[in-house]
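Notes follow once the structure below has been shown.
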Amino acid sequence: MSNYLFVGAGFSCAVIARELAEAGNGITIIEQRPHIAGNCYSERDRESNIIVHKYGPHIFHTDNVRVWDYINRFGEMLPYVNRVKAVSNSRIYSLPINLHTINQLFETHLSPNEAKELIESKADLSIEIPKTFEEQALRFVGPEIYNAFFAGYTRKQWGIEPSELPASILKRLPIRFNYDDNYFAHKYQGMPKNGYTDIVAAMLDHPSITVHLSTPYSIGMRNDYDHIFWSGPLDAWFDYEFGRLGYRTLDFEPVRGIGDMQGNAVINYCDSNVPYTRITEHKHFAPWETHEQSICFMEYSRQCDENDTPYYPIRLVKDKTLLKQYVEKAYHEKNVTFVGRLGTYRYLDMDVTIKEALDVADAVKASLAASDDLKPFYVKPL
Ligand SMILES: Cc1cc2nc3c(=O)[nH]c(=O)nc-3n(C[C@H](O)[C@H](O)[C@H](O)COP(=O)(O)OP(=O)(O)OC[C@H]3O[C@@H](n4cnc5c(N)ncnc54)[C@H](O)[C@@H]3O)c2cc1C
């Protein structure tokens, strides 16, 4: 039996820890926050009793049946379809951009083919190979849709002009030529009946797993374990030796009210002159519950400083150069595996996080069976 230390109690570590505990290993998890579940943490708001997602709204969606079965093993998922609205120039629109959005924006009642023709006529074909986000959007959708839904929102989200962001951010034509407003195109979609924290708690509920909350990692812990699984920031492991990897952070401003405050779970605000990016009303994430009161969170995006919570990895050229330095150094480390969104400096949806964690656990079990050393990375960050 090996003894493993897991740093972080989010989905990445919870899944790998559970799998290795079931394989007969001893697991200690330390978490610097006073709670488990990482950024997926949910709790009942004391005043309203509504389940709120403390680090931003989380909707579960996947095409991966193994992941779907896995999460359902640890908690009840109820059907939930995310339908997002957008405010642009004081008018409300359907998202993601679909036939309804096009007809709303152009004040038309076009059929799918007519809408396709319209958008094709708007596309700026003079841009042969788009290099920036702005060029990519203008090339695909034209100026009206770009200005209404992308320009201001992207500027607020990333704090950078869209003309300075790489084209790769907007990979494909983000338009549906039908009235499908289901935000995610995945087969399985849902919300945990009792919140994400309960699901992670069920994963960690195993006789071979011990969890210590409010316990940050310290270097002295290293000698007490056979191996460490690190889901903290990759650069933090090296004490930021080469500098800090860039992140965006979020601030959430609560607003309380009675009844239904905005009529939908998520409304995006696309204009540059509105300082927040979206407002989420969390009671709508659990439509099977009834609450007299309500609570909304206005979400603001800004640069992540040293004492802020890192949310979205920026991954621009400067960050990728730094990342390369850390990854090269990490490959020389012994007895540590870097996992999860912070450990590999990538944005990962929950389903991808769980899939990768299951893959890591499978690979670790195979390495143990073959008496091989465990690797620093099972998923390449670059
Ligand atoms: C705003 C936002 C919205 C999102 N919405 C969705 C969504 O709708 N659907 C979806 O599928 N995914 C969503 N995600 C992605 C989801 O949050 C991630 O997939 C998930 O959190 C990744 O889990 P993790 O365990 O890798 O990382 P985390 O959840 O970040 O867990 C890492 C843990 O490690 C701890 N830690 C770090 N350093 C130390 C240390 N030195 N000592 C001890 N503990 C430490 C941290 O405190 C943290 O709890 C969203 C992400 C963001 C930012």
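Both backbone and side-chain heavy atoms feed into the values below; hydrogens, waters and symmetry mates do not. One is the number of the first residue; the rest follow in order along the sequence.
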Self-check item: ILVMFWY clustering at 4.5 Å (side-chain atoms), partners of Ile51
Solution: none
Exercise. Please report the shortest heavy-atom distance between Tyr41 and Ile36, naming the atom on each side.
Key: CD1-O, 3.4 Å
Exercise. Test Thr280 against His282 for side chain to side chain donor-acceptor pair (under 3.5 Å), laying out the working first.
Key: CA-CA 6 Å; Thr280 45; His282 287 223; 3.2 Å; yes
Quiz item: Hey, is the main chain of Ile50 close enough, under 3.5 Å, to the side chain of Asp45 for a donor-acceptor pair?
Solution: no
Practice problem: Report the distance from atom CZ of Arg248 to atom CZ of Arg302, rounding to the nearest 0.5 Å. | Solution: 9.0 Å
Self-check item: Test applied, side chain to side chain contact (heavy atoms under 4.5 Å, CB included); reference residue, Ser94; option that passes from Asn103, Asp180, Ile102, Thr101
Solution: Thr101
Quiz prompt | Face-on cation placement of Arg18 at Phe74 ring, 6.0 Å and 45° thresholds | solution = no
Quiz item: Yes or no on salt bridge (charged side-chain N to carboxylate O under 4.0 Å, His left out) for Asp260 and Lys283, after CA distance, side-chain angles and deciding distance?
Solution: CA-CA 9 Å; Asp260 193 352; Lys283 72 193 305 183; over 6 Å; no
Quiz prompt | side chain to side chain contact (heavy atoms under 4.5 Å, CB included) evaluation trace for Ile160 with Leu316 | solution = CA-CA 11 Å; Ile160 301 173; Leu316 289 179; 3.4 Å; yes
Quiz item: Counting N and O atoms only, with roles assigned by atom type, does the side chain of Asp319 sit under 3.5 Å from a partner on the main chain of Gly246, one being a donor and the other an acceptor?
Solution: yes
Practice problem: Over 60° means perpendicular and under 30° means parallel, so classify the ring planes of Tyr188 and Trp68, tilted if in between. | Solution: parallel
Quiz item: For the atom pair CG (Asn89) and CZ (Phe149), what is the distance rounded to the nearest 0.5 Å?
Solution: 10.0 Å
Quiz item: Between the main-chain N or O of Ala265 and the side-chain N or O of Gln262, is there a donor-acceptor pair closer than 3.5 Å?
Solution: yes
Practice problem: May I ask you to test the His61-Tyr183 pair for a side-chain heavy-atom distance under 4.5 Å? | Solution: no
Self-check item: Worked verdict on Asp359 versus Lys355 for salt bridge (charged side-chain N to carboxylate O under 4.0 Å, His left out)
Solution: CA-CA 6 Å; Asp359 289 346; Lys355 186 206 173 288; 2.5 Å; yes
Quiz item: Is a side-chain donor or acceptor of Gln157 paired with a backbone partner of Tyr153 at a separation under 3.5 angstrom?
Solution: no
Quiz item: Minimum heavy-atom separation for Ser88 to Ala148, with atom names?
Solution: OG-O, 2.9 Å
Quiz item: Are Met203 and Phe11 side-chain neighbours, meaning at least one heavy-atom pair lies under 4.5 Å?
Solution: yes
Practice problem: Write down the atom of Arg315, the atom of Lys320, and the distance for their closest heavy-atom approach. | Solution: O-CE, 3.7 Å
Exercise. Apply side chain to side chain donor-acceptor pair (under 3.5 Å) to Asp362 and Tyr378, showing your working.
Key: CA-CA 10 Å; Asp362 289 347; Tyr378 287 90; over 6 Å; no
Self-check item: Tyr269 and Ile279: CA distance, side-chain angles, deciding distance, side chain to side chain contact (heavy atoms under 4.5 Å, CB included) verdict
Solution: CA-CA 8 Å; Tyr269 285 80; Ile279 301 180; 3.7 Å; yes
Quiz item: Where do Ser2 and His227 land on the side chain to side chain contact (heavy atoms under 4.5 Å, CB included) test, with the steps shown first?
Solution: CA-CA 8 Å; Ser2 299; His227 194 84; over 6 Å; no
Quiz item: Which is it for Glu333 and Arg222 under the salt bridge (charged side-chain N to carboxylate O under 4.0 Å, His left out) test, yes or no, and what are the steps along the way?
Solution: CA-CA 12 Å; Glu333 290 289 293; Arg222 213 170 167 169; 3.4 Å; yes
Quiz item: Could you state the interatomic distance from OG1 (Thr62) to CD (Gln189), rounded to the nearest 0.5 Å?
Solution: 10.5 Å
Quiz item: Can you tell me if Ser12 uses its side chain to pair, donor with acceptor, with the backbone of Ala357 under 3.5 Å?
Solution: no
Practice problem: Check the hydrophobic clustering (I, L, V, M, F, W, Y; side-chain heavy atoms under 4.5 Å; chains of links allowed) and say if Tyr80 and Ile267 are grouped together. | Solution: no
Exercise. Check whether the ring centres of Tyr217 and Trp237 lie less than 6.0 Å apart, and answer yes or no.
Key: yes
Self-check item: His212 side chain to Thr210 backbone, donor-acceptor under 3.5 Å
Solution: no
Quiz item: Where is the tightest heavy-atom contact between Thr277 and Ser301, given as atom of each residue plus distance?
Solution: CG2-CB, 4.5 Å
Self-check item: Asp124 side chain to Ser126 backbone, donor-acceptor under 3.5 Å
Solution: yes
Quiz prompt | Lys/Arg N to Asp/Glu carboxylate O, Glu43 vs Arg33, below 4.0 Å | solution = no
Quiz item: In terms of ring plane angle, is the pair Phe229 and Phe6 parallel, tilted or perpendicular, where the classes change at 30° and 60°?
Solution: parallel
Exercise. Identify whether Ile129 and Leu138 are in the same connected component of the hydrophobic contact network (ILVMFWY, side-chain heavy atoms under 4.5 Å).
Key: no
Self-check item: salt bridge (charged side-chain N to carboxylate O under 4.0 Å, His left out) between Glu19 and Lys365, intermediate numbers included
Solution: CA-CA 9 Å; Glu19 292 294 294; Lys365 284 187 256 179; 3.3 Å; yes
Quiz item: Do any N or O atoms from the side chain of Glu164 and from the backbone of Glu161 form a donor-acceptor pair under 3.5 angstrom?
Solution: no
Practice problem: Could you grab the distance from atom CG of Asp198 to atom NZ of Lys193, nearest 0.5 Å is fine? | Solution: 11.0 Å
Practice problem: With side chain to side chain contact (heavy atoms under 4.5 Å, CB included) as the test, would you mind laying out the steps for Arg73 and Tyr70 before giving the verdict? | Solution: CA-CA 5 Å; Arg73 182 182 148 198; Tyr70 199 78; 3.9 Å; yes
Quiz prompt | Point-to-point distance, once rounded to the nearest 0.5 Å, from OG of Ser214 to NE2 of His35 | solution = 9.0 Å
Quiz item: What distance do Tyr225 atom OH and Asn335 atom CG have between them, rounded to the nearest 0.5 Å?
Solution: 14.0 Å
Quiz item: Is the shortest heavy-atom distance from the side chain of Leu105 to the side chain of Glu144 under 4.5 Å?
Solution: yes
Practice problem: Step by step, work out the side chain to side chain donor-acceptor pair (under 3.5 Å) result for Asn64 and His186. | Solution: CA-CA 9 Å; Asn64 186 312; His186 283 147; over 6 Å; no
Quiz item: Phe377 and ring pair (Phe, Tyr, Trp, His ring centres under 6.0 Å): which partner among Tyr331, Trp230, Tyr345?
Solution: Tyr331
Quiz item: So which heavy atom on Ser231 is nearest to which on Cys13, and how close?
Solution: OG-SG, 3.5 Å
Quiz item: What pairs meet the side-chain hydrogen bond (donor to acceptor under 3.5 Å, both in side chains) rule with one or both residues in residues 287-299, with sequence neighbours excluded?
Solution: Arg44-Glu289, Arg278-Glu299, Glu281-Ser294, Glu289-His291
Quiz item: If we only count heavy atoms from C-beta on, is the Tyr146 to Pro162 side-chain gap below 4.5 Å?
Solution: yes
Self-check item: Whether Tyr311 and Tyr55 hold their rings parallel, tilted or perpendicular, with breakpoints at 30° and 60°
Solution: tilted
Quiz item: What's the verdict on side chain to side chain donor-acceptor pair (under 3.5 Å) for Tyr196 and Asn194, showing C-alpha distance, side-chain angles and the deciding distance?
Solution: CA-CA 7 Å; Tyr196 293 100; Asn194 297 315; over 6 Å; no
Exercise. Find out if a path of hydrophobic residues (ILVMFWY) with successive side-chain heavy-atom gaps under 4.5 Å connects Phe150 to Val84.
Key: yes
